[in-house]
Amino acid sequence: MSNTRKKIVSALEWIIGIALACCLFLGGLGFIGFVIAFCIGGDTAAVICEFLSKTYYVYLIKASTITVVLCFVLQYFNGEAKWVNPITYWKNKKAEK
């Protein structure tokens, strides 16, 4: 592996590690928010739950998706990815029969 590729892999591993830790921590905070809303009850709880489900978790899911995409990019740079074009794969499978 070239020196540049090693630097990219190292940087991606660091970024992914931080992103995974943040996503897990923020997911736990969201759960704690629901527990607090359950304890409070009433209209305030409804507002908290609506914020968590319609705003907070939307951004958390987007951040998690970006982290997963970065994991795929890391696999590519590590040489671990054995990606196959699905269209040609199924055409070849069909031709084998």
Side-chain angles (χ1 to χ4, degrees):
M1 197 170 2
S2 68
N3 195 23
T4 305
R5 199 172 240 206
K6 285 181 184 177
K7 287 181 182 179
I8 292 172
V9 166
S10 176
L12 278 174
E13 286 175 345
W14 182 80
I15 291 169
I16 290 169
I18 298 295
L20 286 173
C22 288
C23 287
L24 287 171
F25 179 73
L26 293 174
L29 282 180
F31 175 75
I32 290 171
F34 279 119
V35 171
I36 290 172
F38 178 74
C39 293
I40 292 173
D43 290 336
T44 306
V47 170
I48 292 171
C49 290
E50 185 176 353
F51 166 75
L52 288 173
S53 65
K54 292 189 177 178
T55 306
Y56 183 78
Y57 276 114
V58 170
Y59 289 114
L60 184 60
I61 290 169
K62 288 178 183 179
S64 300
T65 303
I66 291 168
T67 304
V68 169
V69 169
L70 286 175
C71 288
F72 289 141
V73 171
L74 177 65
Q75 276 186 331
Y76 174 75
F77 279 112
N78 271 339
E80 298 170 355
K82 304 289 187 246
W83 296 340
V84 179
N85 184 345
I87 296 170
T88 56
Y89 175 79
W90 287 111
K91 280 182 182 178
N92 293 337
K93 279 288 191 185
K94 210 175 205 183
E96 286 176 7
K97 290 182 179 180

Under 3.5 Å donor-acceptor pairs involving side-chain atoms of residues 7-15, not counting sequence neighbours:
none

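The heavy-atom pair separating Ile48 from Ala37 by the smallest distance is CG2-CB, 3.8 Å. Shown here for Cys23 and Leu60, the closest heavy-atom pair between the two residues is O-CD1, 3.8 Å.
Using cut-offs of 30° and 60° on the angle between ring planes, the pair Tyr57 and Phe34 is parallel.
Side chain of Tyr56 to main chain of Leu26: a donor-acceptor pair is present (N/O by atom type, distance under 3.5 Å, no hydrogens or angles).
Under the 4.5 Å side-chain heavy-atom criterion for ILVMFWY residues, no single connected hydrophobic cluster contains both Phe38 and Leu29. Residue Ile32 is grouped with residue Phe25 when hydrophobic side chains (ILVMFWY) are merged at heavy-atom distances under 4.5 angstrom, including chains of intermediate members. Both Leu52 and Ile40 are assigned to one and the same hydrophobic cluster, defined by single-linkage of ILVMFWY side chains at heavy-atom distances under 4.5 Å. Note: the hydrophobic cluster containing Leu70 also contains Ile18 (ILVMFWY, side chain heavy atoms under 4.5 Å, direct or indirect links). Taken together through direct or relayed side-chain contacts under 4.5 Å among Ile, Leu, Val, Met, Phe, Trp and Tyr, Ile66 and Phe77 form part of one hydrophobic cluster.
Atoms CG and SG, on Leu20 and Cys71 in that order, are 5.5 Å from each other to the nearest 0.5 Å. The structure places OH of Tyr76 at 6.0 Å from CZ of Arg5, a figure rounded to the nearest 0.5 Å.
At a threshold of 4.5 Å between non-hydrogen side-chain atoms, the residues Val47 and Asp43 do not count as touching.
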